[in-house]
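Would you mind keeping the following structure in view while I ask a few things?
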Amino acid sequence: MQKQQKSESDLLRTYGRIITLTLVLVIMAVIASKHFSSVESIGTKGLQLEHSRLLYVLAMVKSQWLSQGRPSALKLSWEDTGVGSANRQPNEVKVQPQNNIIQMSPQGWPLLNSSDEAGCRALWQQLMASDLHDIKADVFFKKSQKFVALPQSKVAASAIKQALGE
């Protein structure tokens, strides 16, 4: 009888441990899912801010272009902001006064210096005085389409594509 009681108590203790472990795993899964969903939304907020900033910079560039009499090239006036950030790579081209002259279209929009990914990166750096690496974005360039700097996060990328109407 004593062996049976001991076996039953061991079995109850084992069931208790299994139930406790299951509850702990469920709680951890709920906490993890809430944490990781908020991380994606934080990244999306940062990209929305960069998007707004880009729109303001483009409006300011067009305004400068109009006020200077619609020149074919425009020298941007924030050349000394290219000091850098903590994420800047050591071999990056910094925004220098002579590098901060952009070609303008007849409609008043900045043009790429070269029709490739390097041209897209250079234009972003000239306009925003920052690097795409700072916002963890990649450039995908197709000659027949417009260029789009997409974030490395798939959720944020779909949000940007949706905002651009693609």
Exercise. Rounded to the nearest 0.5 Å, how far apart are CG of N100 and CD1 of I102?
Worked result: 7.5 Å
For this session: Could you list who else is in V24's hydrophobic cluster, with ILVMFWY side chains joined at under 4.5 Å, directly or through other members?
Result: M28
Problem set entry | Side chain proximity check, L54 to W124, heavy atoms < 4.5 angstrom | yes
Exercise. Can you check whether S7 reaches Q4 side chain to side chain, under 4.5 Å on heavy atoms?
Worked result: no
Problem set entry | salt bridge (charged side-chain N to carboxylate O under 4.0 Å, His left out) pairs, two or more places apart, involving residues 107-118 | none
Exercise. Does some side-chain heavy atom of L74 sit less than 4.5 Å from a side-chain heavy atom of I101?
Worked result: no
For this session: Measure the shortest side-chain to side-chain distance between L112 and Q103 over non-hydrogen atoms and say whether it is less than 4.5 angstrom.
Result: no
Exercise. Can any side-chain N or O of W65 pair as donor or acceptor with the backbone N or O of W109 at less than 3.5 Å?
Worked result: no
For this session: Scan for salt bridge (charged side-chain N to carboxylate O under 4.0 Å, His left out) pairs involving residues 54-63, sequence neighbours excluded, and state none if there are none.
Result: none
Exercise. Among the clusters formed by ILVMFWY side chains lying less than 4.5 Å apart, do L55 and L49 turn up in the same one?
Worked result: no
For this session: Could you list the residues that satisfy salt bridge (charged side-chain N to carboxylate O under 4.0 Å, His left out) with R53, not counting sequence neighbours?
Result: E50
Seminar exercise, completed: For L25, the hydrophobic cluster (side chain heavy atoms closer than 4.5 Å, chained through members) also holds L21
Seminar exercise, completed: Sorted by chain and residue number, the side-chain contact (heavy atoms from CB on, under 4.5 Å) partners of A59 (sequence neighbours excluded) come out as none
Problem set entry | Interatomic distance, Q68 atom CD to K75 atom NZ [nearest 0.5 angstrom] | 10.5 Å
Problem set entry | Distance-minimising heavy-atom pair for K6 and S9 | O-OG, 2.9 Å
Problem set entry | Hydrophobic cluster identity match, L58 and L66, side-chain contacts under 4.5 Å | yes
Exercise. L111: which other cluster members, linking ILVMFWY side chains closer than 4.5 Å, directly or transitively?
Worked result: none
For this session: Check side chain to side chain donor-acceptor pair (under 3.5 Å) between S105 and all other residues, then give those that pass, not counting sequence neighbours.
Result: Q107
Exercise. Are side-chain heavy atoms of Q126 and N113 found at a separation under 4.5 Å?
Worked result: yes
For this session: Return the set of residues passing side chain to side chain donor-acceptor pair (under 3.5 Å) with R17 (not counting sequence neighbours), or none when no residue passes.
Result: none
Seminar exercise, completed: CG (L123) and CE (M128) are apart, to the nearest 0.5 Å, by 10.5 Å
For this session: Any chance you could pull the hydrophobic cluster mates of I31, using side-chain heavy atoms under 4.5 angstrom and chaining through other members?
Result: I27
